[in-house]
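Taking it in order: structure first as structure tokens, then the write-up.
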Amino acid sequence: MDADVIIIGGGLAGLVASNELVRAGKRVAIVEQENAANLGGQAFWSLGGLFLVDTPMQRRLGVKDSFELAWQDWQGSAQWDRLSGPHPEDEWAQQWGRAYVEFAAGEKRAWLREQGIRFTPLVGWAERGDGRAGGHGNSVPRFHVPWGTGTGVSEPFADKAREAASAGSVRFFFRHRVDALMYDGGTVTGVRGVVLAPDGSPRGVSSNRNMVGGFELRAQAVVVASGGIGGSHEQVRRWWPDRLGTPPQKMVTGVPQHVDGRMLDIADESGVRLVNRDRMWHYTEGIQNWNPIWPDHAIRILPGPSPLWFDALGRRLPSPGLPGYDTLGTLRLLRTTPGLQQYSHSWFILNQRIIEKEFALSGSEQNPDITNRDLKLLLRTRLGRGAGAPIEAFKERGADFVVADNLAELVRGMNALTDEPLLDVPLLDEALIRRQIEERDAEIRNPYSKDIQVAGIRNSRRYLGDRLFRTVKPHRILDPAAGPLIAVRLHVVTRKTLGGIQTNLSGQALGHDGVPIPGLYAAGEAAGFGGGGAHGYNALEGTFLGGCLFTGLTVGRALARTL
């Protein structure tokens with residue numbers, strides 16, 4: 001044997017599993033098709049937020065949380081409905097979902113601290129939901145932001161793997177692409193694939209696929225931790241569900257090109273059971289990166305609650321199409337509303353006062369204050385006047401931004417950016433947009449409102465964290481003192497796979513017959529973050545890296561006990 005365990009993928013889930021195995025004295029081979037610069041996978045690029053329940057950080061900000069409330073929110077969001085038949089697709093997903101919430105409310109924070117992960121004072125209120133107490137969304141803020149952003153989560157485990165490699169417990173096989181699982185009498189005993197030509201590209205940059213040889217590796221067990229499909233628009237379109245309408249003609253990409261899902265198809269063809277492949281998580285607030293790293297590189301805006309959201313025809317979105325509330329609910333609105341299917345974009349309209357306090361950008365490289373663990377810069381950026389440098393860079397250089405001193409000029413700029421002109425007639429009507437903004441602005445005069453978004457803004461400011469860091473004082477969008485006006489063209493940005501390899505609570509991969517396959521395990525996004533779909537139909541945010549951590553930890557511990 002070449003190792004006790006082979007791990008396919010050098011992302012967060014695989015590294016966490018490796019760490020547990022090394023601690024138990026096992027030998028690990030990590031097989032990764034990209035080069036050493038990509039160790040840590042997609043976690044490195046993320047904001048790094050983690051879903052935690054009833055923490056000291058929440059309590060300091062006046063948040064009252066509990067396992068019971070978090071589990072209510074998780075179930076209302078997941079909406080598992082594939083629970084009948086001989087081998088239900090949601091059978092194990094539901095159990096993984098509960099196990100994860102128990103982890104988030106219990107061991108998770110102490111375990112993260114043991115790994116060297118520390119948190120900022122920021123607790124965000126992500127995915128505020130669809131407006132129903134028992135429906136989708138977080139009832140309270142749970143999005144804990146670590147120092148270092150995504151790098152602060154991935155790098156401690158990457159460093160441990162590098163240290164283990166120096167000690168001989170881990171062997172890296174970079175530029176090795178797995179093409180098949182090897183079986184012996186029904187047991188997975190190894191992997192087979194090709195060696196790719198060396199490529200010194202920086203992290204995230206597309207690398208060559210030139211084959212220079214083949215390889216085989218054998219071990220007592222194999223862990224599939226190869227990620228999802230977000231880098232392949234072809235795969236996203238292949239599995240796009242009817243419930244979300246038609247996929248946009250144009251999408252932008254939130255993960256590097258090599259996140260292509262090919263290992264999922266290889267597993268399926270090898271007798272592994274994949275479930276819930278039509279469940280996916282794509283954002284509607286994507287903007288084109290003015291300084292791209294991978295093809296169609298997108299950045300997601302993390303908006304506060306105040307920007308007004310308009311469809312491609314200039315109509316304000318109804319609930320749940322509110323900034324920061326219901327990701328897939330908004331995507332469904334944009335892709336199923338009659339007359340909108342031909343358009344691939346929507347719009348935010350806001351002003352300088354809002355962008356300064358409420359706009360954040362997802363990604364480690366877009367948050368230098370937190371990524372570089374600079375408390376003074378964080379306080380100056382988040383509490384001081386003016387927008388942060390990354391925001392201003394997008395406002396000045398981003399292809400999707402329009403800045404103007406008055407609404408007429410703004411709408412002209414928006415029409416100039418429209419990809420789908422309607423015969424030579426401007427697509428957006430200034431009078432229509434003005435009327436809707438003025439109607440909203442009229443609701444600001446009183447501390448109460450029938451406008452659900454205005455009510456949400458006031459609700460947000462009751463939470464100390466939002467009042468300090470994320471929600472501007474209610475004011476008129478068209479107030480000249482709050483200008484200039486800003487419009488942002490928004491695209492659908494591909495991101496996460498919510499379904500995947502079905503696993504039991506030890507992380508063992510199941511076969512097409514629903515029976516565990518000896519020697520085969522799965523973790524992270526490849527396993528639908530647990531059981532082939534721990535999130536169900538919706539995510540509560542902060543749960544993707546958390547799902548990688550939890551599944552990697554579970555698989556590592558299970559293998560350490562049994563090998």
Side-chain angles (χ1 to χ4, degrees), residues 47 49-54 58 61-81 97-98 100-101 104-105 123-144 243-244 279-285 300-309 316-336 346 348 358 360 362 449-463 465-467 470-471 495-496 498 529 533-544 546-547:
L47 182 60
L50 292 170
F51 176 97
L52 292 163
V53 178
D54 191 23
Q58 287 175 298
L61 292 168
V63 176
K64 298 178 181 179
D65 200 6
S66 66
F67 164 78
E68 291 77 16
L69 183 60
W71 179 229
Q72 173 180 296
D73 287 347
W74 195 285
Q75 292 178 93
S77 295
Q79 300 169 31
W80 293 293
D81 58 3
R98 183 177 177 93
Y100 178 72
V101 178
V123 182
W125 195 355
E127 269 318 276
R128 303 179 189 212
D130 61 11
R132 299 175 299 142
H136 168 58
N138 285 295
S139 297
V140 299
R142 298 188 177 106
F143 190 82
H144 294 68
R243 65 182 176 275
L244 294 179
R279 293 180 184 168
M280 51 185 68
W281 189 258
H282 308 305
Y283 295 107
T284 47
E285 312 100 328
R300 183 206 172 195
I301 295 171
L302 304 173
S306 300
L308 296 187
W309 205 333
R316 191 174 169 198
L317 295 188
S319 179
L322 305 174
Y325 276 75
D326 187 344
T327 292
L328 292 192
T330 304
L331 181 58
R332 188 179 303 110
L333 275 174
L334 293 172
R335 301 310 311 158
T336 62
S346 61
F348 277 161
E358 295 201 7
S362 181
S449 173
K450 71 176 182 180
D451 186 292
I452 192 168
Q453 183 174 3
V454 173
I457 293 167
R458 297 194 186 282
N459 186 45
S460 178
R461 285 181 60 82
R462 292 189 181 96
Y463 167 48
D466 273 1
R467 189 165 71 250
R470 288 288 282 155
T471 306
R495 189 61 67 87
K496 293 299 179 186
L498 298 187
F529 302 98
H535 293 94
Y537 285 99
N538 292 286
L540 289 175
E541 293 290 19
T543 56
F544 298 129

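Below, each value reflects all heavy atoms present in this structure, side chains not excepted, and no hydrogens, waters or symmetry copies. Along the sequence shown, the residues carry numbers beginning at 1. Worth saying up front: this structure is predicted, and the values here are computed from it rather than measured.
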To the nearest 0.5 Å, atom CG of Leu244 lies from atom OG1 of Thr336 at 8.5 Å

Against the six-membered ring of Tyr283, is Arg495 placed for a cation-pi contact (under 6.0 Å from the centre, within 45° of the normal)? no

Heavy-atom closest pair, residues Gly304 and Arg470: N-NH2, 3.6 Å

Residues His535, Phe544; criterion ring-ring contact (aromatic ring centres under 6.0 Å, His included); working and verdict: CA-CA 9 Å; His535 293 94; Phe544 298 129; 5.1 Å; yes

NZ/NE/NH1/NH2 to OD/OE distance under 4.0 Å, Arg142 and Asp65: yes

Any salt bridge linking Asp81 with Arg279? Criterion: basic side-chain nitrogen under 4.0 Å from a carboxylate oxygen. yes

So, taking the atom named OG in Ser77 and the one named CG in Asn138, what distance separates them when rounded to the nearest 0.5 Å? 7.0 Å

Taking Arg458 first and then Asp451, would you say they form a salt bridge - that is, a charged N and a carboxylate O separated by under 4.0 Å? no

What distance separates Thr543 OG1 from Leu52 CG, expressed to the nearest 0.5 Å? 11.5 Å

Basic-acidic side-chain contact under 4.0 Å: Lys496, Glu541: no

Kindly indicate whether the side chain of Leu69, heavy atoms from C-beta on, has any atom under 4.5 Å from the side chain of Val140. yes

So, Glu358 and Thr471: side-chain donor and acceptor under 3.5 Å apart, yes or no? no

Residue pair Pro320 / Thr330: nearest heavy atoms and the distance that separates them: O-OG1, 3.4 Å

I'd like to know if the side chain of Glu127 reaches the main chain of Thr327, judged simply by a donor and an acceptor atom lying under 3.5 Å from each other, with no hydrogens or angles considered. yes

Mind checking the OG-CG spacing from Ser346 to Leu334? Nearest 0.5 Å is all I need. 5.0 Å

Does the side-chain contact (heavy atoms from CB on, under 4.5 Å) test come out yes or no for Trp309 and Gln453, once each step is laid out? CA-CA 10 Å; Trp309 205 333; Gln453 183 174 3; over 6 Å; no

Please report the closest heavy-atom contact between Leu50 and Gly546, naming both atoms and the distance. CD2-N, 3.7 Å

Closest approach of Tyr537 to Leu328 (non-hydrogen atoms, all atoms of both residues): O-CD1, 3.1 Å

Show your reasoning for whether side-chain contact (heavy atoms from CB on, under 4.5 Å) applies to Leu61 and Tyr463. CA-CA 8 Å; Leu61 292 168; Tyr463 167 48; 3.2 Å; yes

Can you list the steps and then say if Arg132 with Asp326 is a salt bridge (charged side-chain N to carboxylate O under 4.0 Å, His left out)? CA-CA 11 Å; Arg132 299 175 299 142; Asp326 187 344; over 6 Å; no

Donor-acceptor under 3.5 Å (Gln58 side chain, Pro141 main chain): yes

Which atom names give the shortest non-hydrogen contact between Phe67 and Ala105, and what distance separates them? CB-CB, 4.0 Å

Could you measure the distance from the CG atom of Asp54 to the OG atom of Ser66? Nearest 0.5 Å is fine. 7.0 Å

Do Leu540 and Asp73 pass the side-chain contact (heavy atoms from CB on, under 4.5 Å) test, and can you show the C-alpha distance, the side-chain angles, and the key distance before you say yes or no? CA-CA 8 Å; Leu540 289 175; Asp73 287 347; 4.1 Å; yes

What residue among Pro307, Ser306, Pro305 forms side chain to side chain contact (heavy atoms under 4.5 Å, CB included) with Pro323? Pro307

Here the gap from Ile452 atom CD1 to Ile457 atom CD1, rounded to the nearest 0.5 Å, amounts to 11.5 Å

Test side-chain contact (heavy atoms from CB on, under 4.5 Å) applied to Tyr325 and His136, step by step: CA-CA 9 Å; Tyr325 276 75; His136 168 58; over 6 Å; no

Do Ser460 and Trp125 have side-chain N/O donor and acceptor atoms under 3.5 Å apart? no

Criterion ring-ring contact (aromatic ring centres under 6.0 Å, His included) on Phe51 and Trp74, from CA distance to verdict: CA-CA 11 Å; Phe51 176 97; Trp74 195 285; 5.7 Å; yes

